[in-house]
A.B. asks: 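Below you'll find the structure I mean.
Residue numbers start from 1 in every chain, and the chains themselves are labelled A, B, ... in the order their sequence lines are given, proteins ahead of strands. Given the structure is predicted, the values throughout are model-derived calculations rather than measurements.
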Amino acid sequence: MKKFSRFNFSPTIYLLVSVGFAFFSYILIQVVYSVENQKYINSKLLDLQDQIRQTFQIHFLSLLLWIGIIITISLLSRAAVTRYIKNENRLRSILNTAVDGIITIDEHGIIEDVNPAMERLFGYSPLELVGRNVNMLMPEYYYSRHDKYIQNYIKTGVAKIIGIGRESVGRRKDGSEFPIDLAVSEMRIENQRKFIGLVKDITVRKEIENELEKQLKWKVSLAEFNLAVDQSHEIRNMLERTMQVASIALPASAGACIALWNGKINDISICSSTFMEEHEQQALQRFIYSTKDVPRMISGCKPVIKSKISKPDQLLVGSFIKSYLGVPLCVENKVLGVLFAFEGKSRRYCQDDVEFLQSLANRAAISINRVNLHDDLQSSNALLAVQQGEMRALLDSTSEAIGLVSPEREFIALNKNFYEWFGIEPPVVGSLRFTSFIEQANLIFEKPGLFLSTISRSINDLTGQFEKMFIQVWPERRELKIFSTPVRTDDGHHLGRLFVFHDVTREQEASRAKSEFVSTVSHELRTPLTSIYGSLGLMNGGAAGELSEQAKTLVNIAYQNSERLIRLINDILDIEKIESGRMVFMNKPTLLNTVLTHSIEFTHTYAEQYGISFNLDNSYPQAMVYVDSDKLVQVMVNLLSNAAKYTIRNDIVEISISRQKQKMRVAVTDHGPGISRQFRQHIFQKFAQADMSNTKKKGGTGLGLSISKTIIEKMGGEIGYHSRINHGSTFYFLLPEWQPANDEEGN
Amino acid sequence: MKPLKKIMLVEDEADIQTVAKMALEITGGFQVEICGLGGEALMKAKSFSPDLILLDVMMPDMDGLSVIKSLRDNSSTVSIPIIFMTARMQSQDVLDYDQLGAIGFIAKPFDPMQLSATVKKIWEEKG
């Protein structure tokens, strides 16, 4: 081989050299022959020697030609042999270094040759293979199929493997099986049929394919799961479908279960499982309640993997469970429960398995949460509907018309009376528009402008309450007292303004009737009283002539009691006016000193009978107040007469005026016994009197201070007192001082 | 100012007529003419020509408010000062009296010994 290798030219070069030499020889012969021939023609005089010499030359040239041909053939043969050897070496190298296994068998399946790759693939050495049946490289269940392929092909020529190739299964020397890609081709050597098999180990490819297939299957499963649970609003369906997907797609060959947790310790319950038998279900329950994996998953929100149950009794589900994977059902950091997938054999769960089951659990948790929220929402809606119904019934059962208006000027709520009273047809859908009501208000109210401005102003007022009277004139007449207040939710959100229309027509009528009655009765009482009081007054004053002492005493008693009766009637009328709100105040700027002087004038005769005198100490003779002077005189007379009545005899009642900030303070001070502590809390109440026996003696009605307090407060002032037992009492009132500037501002 | 001498008292209650007339005559020295009904007052106002009329409000034939309107509508009586003497002393009533042109009002029951003084005081202030 080394020897040949020095002249290791390519066959083409050999061929070119050989052909070139032959061609050169031929040209040489032709040239020589032509020259000689021409010479022969031209000279035609050649001699015999020349002919011999020519003949010799021709044979010599032919010989040269033959030698060239032989050399050429020899060179060509040698090149072919070299090439063959080289190709064989190359082929052998290829076979020896091929990754795939190559095996040659005869038509009986006997192995004739194998390459080294076969040893690597199957674990047999070539010596162990050659001469034996190829079946040894297949699982037993392939034997008969393989034989049938070969026999069938030999008989019919129909190829199933041969010349086609297919995936099959190989069996190694150690008995393990692995997927192979097998390509078989046929050849004939010395009229014998041979089969050459090309065996490729496709374990990795199959693993990748299986992995891809699994991933695809999981994705499809999850997508189908999503689609199914999205349309479902029943938790049970959802749980069963979750387990179904876990069982089939993961897979969980021994079953699956879901236990839901209600948020309390140890309060977990199995909601769904693939275990049908009762004893299995009981065992599963024991497992769920006893395993530490459940609290671990709940607290850590992490999956639990048990690839191999070393102590089967730890798993109470049954000895057929050899491994399991558990994942929590988590949504928004909240654990809803756990999902277990069980296997009947040991299983090394990979990260993908955990991720798939966790994805499934997460989606299930989201759906469960959604259904729970949906259920909660439905429950809330149902509850809300009930509450709304109750609220509606409550609103409708009230005797008022009620409307709640939002800050955006829309009705939030209206009751039945509102529609009925104002002759408004309730809309079929939604609530009455506020603007529609406003438009109708022109027809409904006697003073629509005042009503609308009041309502409009109040809607923007977030704090104030008010109560006002309005007269409704359509569709029927009503006197309405409107109470309005802002409405806030518990968290302080301003909801709107509430308007409560209270029909006070009857009350007003009753009140008017009462007032009329009181007025009439008072008048009817006054008429005879006028005669009595007048007659007694004239007699007491001596207008009817001189009376005896006894007659004078009796007339005086009658006269004073008729006076008392008059005061009582006047006070009752005042109280009635105050309570019915019909006491009218005609306030105007008034010189305080004038009021005090008049009051003293009116009272001094009365006080004189008790030996009482008044001392007015006025440092502010020009001070003015904005009051109804008659009413203020009434108050002052009451305070002075009280002081005269209740102080010691011959006392001097002090009347003083002072200024406190922008208010004028008028105080009436006596030096009497003072007001008992028991009486102080009742002093401004109606018919309150310090001492009944004393009252009888003094002839009061017990209404004076109550009336005085109301009058002072109605004029923007305040009234009070302070008293010391055995030292006397001071009653005072404060009224805003009137300044001319106040008048310009609208007073 | 014309002195106050002739007073016409329009009052339907006979007892009050007596008491008021006596009080006015004794304590004030006035010449008092009594009318028991509103319609009568309209006629006597022309014939008697009082310096002042004391007018009750609640009367059976026509009330004091109608009487004062009629007196104000008649040129011969339009200038006679009128004081209401009434038991109706509600605030609205007082406003009405004022608007109808009364120069004052005296509440019933009145103090008979002060009646003449009160009438004179109102007369002097507003009459």
A.B. asks: When you look at CZ of Phe517(A), are more than 12 heavy atoms from neighbouring residues, nucleotides or ligands closer to it than 6.0 Å?
C.D. replies: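 12 or below, so no.
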A.B. asks: Would you name the heavy atoms of Thr530(A) and Pro109(B) that are closest together and state the gap between them?
C.D. replies: OG1-CA, 3.4 Å
A.B. asks: Checking an interface table here. Which of residues 23-47 of chain B come within a heavy-atom distance under 4.5 Å of chain A?
C.D. replies: Ala23(B), Ile26(B)
A.B. asks: What pair of heavy atoms forms the shortest contact from Val19(B) to Ser531(A), and how long is it?
C.D. replies: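 Shortest heavy-atom separation between Val19(B) and Ser531(A) comes out as CG2-O, 3.7 Å.
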A.B. asks: With sequence neighbours left out, write down each residue that passes side chain to side chain donor-acceptor pair (under 3.5 Å) with Glu546(A), or none if nothing qualifies.
C.D. replies: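 If we apply the side chain to side chain donor-acceptor pair (under 3.5 Å) test to Glu546(A), skipping adjacent residues, the hits are Lys552(A).
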A.B. asks: Above 12 or not: heavy atoms from other molecules or residues under 6.0 Å from CZ of Arg477(A)?
C.D. replies: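 Enclosed.
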A.B. asks: What distance separates Asp111(B) CG from Leu538(A) CG, expressed to the nearest 0.5 Å?
C.D. replies: 9.0 Å
A.B. asks: Using non-hydrogen atoms and a 4.5 Å limit, figure out which bit of Ile566(A) sits close to chain B: side chain, backbone, both or neither.
C.D. replies: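 For Ile566(A), the side chain is the part near chain B, not the backbone.
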A.B. asks: Suppose we screen for salt bridge (charged side-chain N to carboxylate O under 4.0 Å, His left out). Which residues come up paired with Lys481(A), at least two apart in sequence or across chains?
C.D. replies: none
A.B. asks: Compare every heavy atom of Lys108(B) with every heavy atom of Arg526(A), then report the nearest pair and how far apart it is.
C.D. replies: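 Scanning both residues completely, I find the closest heavy atoms to be NH1-O, 2.8 Å.
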A.B. asks: Can you list every pair that meets ring pair (Phe, Tyr, Trp, His ring centres under 6.0 Å) and has a residue in residues 551-572 of chain A, with sequence neighbours left out?
C.D. replies: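 Passing the test, one end in residues 551-572 of chain A: Tyr533(A)-Tyr559(A).
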A.B. asks: On a heavy-atom basis, which atom in Met113(B) and which in Gly537(A) lie closest, and how many Å separate them?
C.D. replies: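 Shortest heavy-atom contact: CG-O, 3.4 Å.
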A.B. asks: Please check if the number of heavy atoms outside Gln609(A) that lie under 6.0 Å from its CD is greater than 12.
C.D. replies: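 Result for CD/Gln609(A): enclosed.
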A.B. asks: Inspect the surroundings of NZ in Lys714(A) and state if more than 12 heavy atoms from other residues, nucleotides or ligands are less than 6.0 Å away.
C.D. replies: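 No.
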A.B. asks: Locate the shortest heavy-atom distance separating Pro112(B) from Gly534(A); write the atom from each residue and the value.
C.D. replies: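 Closest pair (atom of Pro112(B), atom of Gly534(A), distance): CG-O, 3.0 Å.
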